[in-house]
Number of protein chains: 2
Amino acid sequence: MAQVARLAEVSIATVSFVVNDDPKAKTLTQATRDRVLEAVRMLDYRPNLQARGLRTQRSHSIAVLTDHLTAVPFANSTIRGVQERAWAGGYLVTTMTTDDNAELAAHAVEMVLARQFDAVIVTTAYTHEVTVPSEFAAMPLVLLNCFSGDGYRTVLPGERAGARSAAKVLIDAGHTRIGFINGLRTTWAAGERRLGYRDALREAGLEYDRTLVRSGTYETDSGYRHAMALLDRADPPTAIMCASDRMAVGAYYAAYQRGLRIPEDLSVVGYDNHTEFSEHAVPAMTTVSLPYYEMGLAAVDLLLAPERAGKGGAAAGAGGTAGAATGAAGGTRVVASTTSGATGSHVTEIACEPVIRQSVAAPSSRPRARVQHPVGSPIDAPAPRERVPLEVTS
Amino acid sequence: MAQVARLAEVSIATVSFVVNDDPKAKTLTQATRDRVLEAVRMLDYRPNLQARGLRTQRSHSIAVLTDHLTAVPFANSTIRGVQERAWAGGYLVTTMTTDDNAELAAHAVEMVLARQFDAVIVTTAYTHEVTVPSEFAAMPLVLLNCFSGDGYRTVLPGERAGARSAAKVLIDAGHTRIGFINGLRTTWAAGERRLGYRDALREAGLEYDRTLVRSGTYETDSGYRHAMALLDRADPPTAIMCASDRMAVGAYYAAYQRGLRIPEDLSVVGYDNHTEFSEHAVPAMTTVSLPYYEMGLAAVDLLLAPERAGKGGAAAGAGGTAGAATGAAGGTRVVASTTSGATGSHVTEIACEPVIRQSVAAPSSRPRARVQHPVGSPIDAPAPRERVPLEVTS
DNA sequence: TTGTAGGCGTTATCAG
DNA sequence: CTGATAACGCCTACAA
């Protein structure tokens, strides 16, 4: 920096002013400004951000603490979303995986504190309650895909509305008896989705038949078994909605085994938009996508755009290279943004949008196939598209 | 720090000595040492790593530049491996995804430079050549799952040996005619694997029949088609080796459609150990695992344990919380560690180990089934395990 | 409109 | 064996 100053024949302070284009120093000759910039280029000077951080007491970096990185492919989308917004705001993001290991977690906490991270995002592979280390009490922090009851700002997927819209897709197609293979009863998502399913039924004036609702494990097997049970009833549903694409795949198999074609004889909708399954299924599966990427964006927005909310909210930093951050959750559809009086917590729900593909049609009136197909395919994995009979469009 | 010094009634320098337990200050009273430690605890003092970094000109953090985070689930294993070793060495790792976007890449480079990262790992989702930004010429850098010809230290999966061992599994089971559905001809991995396949054949004194080798796209469809072509020959192979688990899944389908049972009538081996497919397949698929996690470890080892090699090699930092880094690639099987004279580059290959499951058996002598099964399963996704006929063990 | 000086929290050099 | 003291590179109130 001193070199730059010398080369540009100005003082060090002046250099500082122009590299940060400090508003206070609006009174700079364009000439000197150019001289400095030129010198900067000549020496390819780069401000030392560690030094700047020391001086300003901020690191311009945010930490993402996550329990598992490997578990879900979706985790990556979250990280991408976070990075996107963080970089735009001039922040760097470093993610730390704790693997549910207390030692790693402690190390992560230690690092966040010692390295002067400006903010932290606590996130989990699947939505559940977490307990935030008390050391973080004083920092800007948002919960991403998890919640805590400690009053931290929280962003969650709008599961209830998501399930509601999944059911609505079926209802709009004319179905009135809709089986629902929900997820693990103990998970938050399952609770929300049941509510959403009920919401849709109620709105349509449809009866809620609890025997049509089953509790699966999110796995293919489970979806298969429950779908079989549903289809073998005296009064089978004409559509099945599943709480995961994998279970929907199981439903596809069950339908196939019972000689039912999708969507002509049975409509199926999945959840997650786990494309490995839903997009490649035949027929392509109508499902609901989880807005991981958008949630990542929203989390950073919450951090960077200080709200009047209780905890959290870092100072909006000096803009980075790529323009300032837009308003909170700009562009993405926010289902709800509640500030609950009870807990005092502020939760932002990002919409789970339905993804319409080919597995839903109007209920058929023709006799249900009762064919017992030969026991199915030899493998627990995707079949090649081209040889499949039920394919609807290319 | 000043507070600690005051509380412990020592000088600031003394505090510095004990918190770093500086070897030069071995001449410290245990008493003062304890006093300082006590004061540290009382005030829960935490050294400001930014300040330390400013002073020492190192940040104790390493950057991972990756092209795509979302593309492969394996990327996560890599990151985990890197984090594991880095943390053990007292380093933090921040990964930056460039998405093949020049602007993002430029930003990443800028950040690495401005933030005083001590080292960088350049990595890619699938193995291919990269060109390292010239700005990194002066820093410790290792290439992970990619290569460049610029003399950087490189860690790669031992594809050739991996393919060789896959073929060997089949040969050891007694097969002499082994179909090979390789990957995209243009990829590095495909080249290596073909070599490995040939190595195994040669070692066993088996003829290399080029008509048995096909070039697929890594996708299920492709595996299915090529397997069909192989099975419909006048002299079909008794085993098929595939360059991806997905293609192996295609082979499973082809076998099923031709009335062939796996492994009784046809042996199949995959590649990648993409457990979503291989582990859940029925019968569980014998495959070869890619050592992503170990490669991550190795990359950091290369960085932290300064080699005599040309480029790269950061000073082995002061140990972190969790013990010092072990020797390079400690514990993981290194296939080869070549220092090629030509390029002057040093490449470490980590072994791709075979994962033995149930899809391989001795070739059968009984008549091949010629049944034409009804066109298969209705979906392009896993079938539930329980209803599958070919399951061998639970 | 530009320059001066002090300090952010550490570490490292040198006296005592 | 311990304690001043000078950087490290930058920001910023204040002076010129």
Side-chain angles (χ1 to χ4, degrees), chain A residues 1-37 39-40 43-61 90 110-111 113-118 315 317-319, chain B residues 1-37 39-40 43-61 90 111 113-118 315 317-318:
Chain A
M1 193 160 177
Q3 292 187 18
V4 174
R6 208 172 316 129
L7 181 54
E9 296 178 311
V10 295
S11 80
I12 292 184
T14 305
V15 175
S16 176
F17 282 146
V18 1
V19 305
N20 300 352
D21 49 71
D22 192 312
K24 273 169 219 154
K26 249 330 186 217
T27 59
L28 277 177
T29 312
Q30 187 59 30
T32 47
R33 192 181 294 276
D34 288 345
R35 265 211 325 285
V36 172
L37 258 21
V40 164
L43 305 171
D44 74 54
Y45 160 79
R46 233 178 286 279
N48 180 328
L49 297 189
Q50 273 196 127
R52 176 179 298 176
L54 174 59
R55 176 63 231 250
T56 59
Q57 301 295 23
R58 354 200 0 252
S59 59
H60 274 274
S61 47
E110 208 53 37
M111 280 310 173
L113 265 24
R115 302 261 184 156
Q116 319 284 114
F117 276 91
D118 292 335
Chain B
M1 192 162 178
Q3 293 187 17
V4 173
R6 209 172 315 128
L7 180 56
E9 296 177 309
V10 296
S11 78
I12 291 184
T14 306
V15 175
S16 177
F17 281 146
V18 0
V19 305
N20 300 352
D21 49 69
D22 192 313
K24 274 171 217 150
K26 251 325 186 224
T27 59
L28 277 178
T29 312
Q30 186 59 29
T32 47
R33 191 180 295 275
D34 288 344
R35 261 206 334 280
V36 171
L37 258 21
V40 165
L43 304 171
D44 74 54
Y45 160 80
R46 235 177 285 277
N48 180 327
L49 297 188
Q50 274 197 128
R52 177 180 295 174
L54 173 59
R55 181 63 236 247
T56 60
Q57 302 294 21
R58 348 194 10 246
S59 60
H60 273 276
S61 48
M111 279 310 171
L113 265 25
R115 302 259 184 157
Q116 320 284 115
F117 277 91
D118 292 335

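Letters A, B, ... are given to chains in the order of the sequence lines, protein chains preceding strands, and every chain is numbered from 1. Reckoned from all heavy atoms, side chains included, excluding hydrogens, waters and symmetry mates.
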Could you give the side-chain donor-acceptor pairs of residues 2-13 of chain B under 3.5 Å, partners two or more places apart or in another chain?
from: B:S11; atom 1: OG; to: B:A13; atom 2: N; distance (Å): 3.3
from: B:S11; atom 1: OG; to: B:T14; atom 2: N; distance (Å): 3.3
from: B:S11; atom 1: OG; to: B:T14; atom 2: OG1; distance (Å): 3.1

Checklist entry - Looking at CG of A:L37 and CZ of A:R33, how far apart are the two atoms once the value is rounded to the nearest 0.5 Å? => result 8.0 Å
Atom [atom1] of [X] to atom [atom2] of [N]: distance rounded to whole Å?
{"X": "A:E9", "N": "C:dG3", "atom1": "CD", "atom2": "C1'", "answer": "15 Å"}
{"X": "A:D21", "N": "D:dC11", "atom1": "CG", "atom2": "P", "answer": "12 Å"}
{"X": "B:R6", "N": "D:dG3", "atom1": "CZ", "atom2": "P", "answer": "14 Å"}
{"X": "B:Q50", "N": "D:dC10", "atom1": "CD", "atom2": "P", "answer": "13 Å"}

Checklist outcome for this item: For A:N20, the side-chain contact (heavy atoms from CB on, under 4.5 Å) test, sequence neighbours excluded, returns A:S16, A:R52
Checklist outcome for this item: Taken in chain and number order and not counting sequence neighbours, the residues that satisfy side-chain contact (heavy atoms from CB on, under 4.5 Å) with B:F117 are A:L92, B:S61, B:A63, B:T94, B:M96, B:V112, B:R115
State, yes or no, whether a side-chain contact exists between [X] and [Y] at a heavy-atom distance under 4.5 Å.
{"X": "A:Q116", "Y": "B:N48", "answer": "yes"}
{"X": "B:T29", "Y": "B:R35", "answer": "no"}
{"X": "A:Q50", "Y": "B:Q57", "answer": "no"}

Checklist entry - Would you say C:dT2 has OP1 or OP2 under 4.0 Å from some side-chain N or O of A:T32? => result yes
Checklist entry - Should A:T14 be listed as having a side-chain N or O under 4.0 Å from OP1 or OP2 of C:dG3? => result yes
Item to check | Results of side-chain hydrogen bond (donor to acceptor under 3.5 Å, both in side chains) for A:R55 - residues two or more places apart only | outcome: none
Checklist outcome for this item: 5' to 3', nucleotides 7-13 of chain C under a 4.0 Å protein heavy-atom cut-off (B base, S sugar-phosphate only, - none) gives BBBBBB-
Checklist entry - How bent is the helix from C:dT1-D:dA16 to C:dG16-D:dC1, comparing axes over its five end pairs at each side, to the nearest 10°? => result 40°
